[in-house]
Amino acid sequence: MDCDRCGEPAVMHAAYSGAHLCETHFRRSVEKRVRRRIREDGLVPEAATPEKPVTWLIGLSGGKDSVALAQILAETFAEDPRIELFALSIHEGIEGYRDESLAAAEDLTSDLEIHHETVSYAEEFDVRMDEVVEDDPESMAACAYCGVFRRDLLSAYAEEDDADLLLTGHNLDDEAETAMMNFLEGDVEQMAKHFDASLGPLPERTLTDRHVPRAKPLRDVPEKEVALYARLRDLPAHITECPHASESFRGKIQSLLYELEESHPGTRHSIMAGYERLARQASRSVDRDRSYTSCDTCGAPTTGGRCRKCQLLDALDA
Ligand code: SF4
């Protein structure tokens, strides 16, 4: 098949849109979707100037998504002194999984000349995920611990480094999975939180004033397209999947969505279109008086007396 736009050989076919694109037009299409998302979500504040730039922290795992995101952001804002980028990687302590991806993150940030730091659960919390899954005091999937620890570290470093925005490499598949999980769990409160934490345009968010706001500029790009983009650009991305990825509820939803997308192309896009409208409505209707306090133990923002991370660390006796 040839590219719809220029007649060169196509490198991809998107069943959800019918498009066939060559390498050049495919790359442009991915970059265009990321830049449009940045615009639509109002991520660059009008008040940002070369004299008073804003600082964006990229959560960089070294996998294809965060590597592609860092590359596109670095190129988009290379000539824009209003935006300063830096990156943070996290080592969870999963044997044979994270070391190579951190090497990839190091290579990329050195190429892009982005300041990069790496922190670990071992140094910060005195736990390693390999031990957490052995111990498992709460009888939960590995990701239920790991996700809490990761969110806490990203937020704490964003806060400490005075970042204005925390950006992560979640793609369309990730976001459609989160939406499906919230639908299936009937969790309207979680939909509102999702909208206010990362999904909604910045000017519309209301409940996250104690946290550095988050954004996901890759969230309109399907996972396979991010993988193809990283491969075509020869980006130093590590592609091994975490051994715990398929154990979680998310892993099951991922398989379900994969099958649905194969038989009904466009499913992920339509889930997200409906979900965004619902999440916006949920955000406007949930209890506005929910107030953040500081965790009794670590001082992180929480809506209870003790944050979830400290509760889990207690259970783990860390
Ligand atoms: Fe952590 Fe789960 Fe991600 Fe593995 S898949 S790194 S356990 S959140």
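Every number for a ligand or one of its atoms is a count from 1 in the order of the listing.
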### Message
Using heavy-atom distances only, which candidate in Cys242, Pro243, Ala245, Cys146 approaches atom 1 (Fe) of ligand 1 most closely?
### Response
Cys146
### Query
Quick one: nearest non-hydrogen protein atom to atom 2 (Fe) of ligand 1, plus distance?
Cys143 SG, 2.3 Å
### Query
Of the backbone atoms (N, CA, C, O) and the side-chain heavy atoms from C-beta on, which set of Met129 has a member under 4.0 Å from an atom of ligand 1: side chain, backbone, both, or neither?
neither
### Query
For the residue pair Tyr121 and Phe149, does the interplanar ring angle fall in the parallel (under 30°), tilted (30 to 60°) or perpendicular (over 60°) class?
perpendicular
### Message
Quick test of your reading of the model: are Arg33 and Glu40 salt-bridged, counting only N-O distances below 4.0 Å?
### Response
no
### Query
With atoms numbered from 1 as shown, which atoms in ligand 1 lie under 4.0 angstrom from a non-hydrogen atom of Glu92?
6 (S)
### Task
Before accepting this row, confirm whether a basic side-chain N of the pair Glu23/Arg27 lies closer than 4.0 Å to the acidic partner's carboxylate O.
yes
### Task
Tell me, please: is Glu241 in heavy-atom contact with ligand 1, that is, under 4.0 Å?
no
### Query
Does a side-chain N-to-carboxylate-O contact under 4.0 Å join Arg37 and Asp220?
yes
## Note on the structure
One finds that the ligand 1 atoms under 4.0 Å from a non-hydrogen atom of Arg150 are 1 (Fe), 3 (Fe), 6 (S), 8 (S)
### Query
Distance from Arg35 atom CZ to Leu73 atom CG, nearest 0.5 Å?
9.5 Å
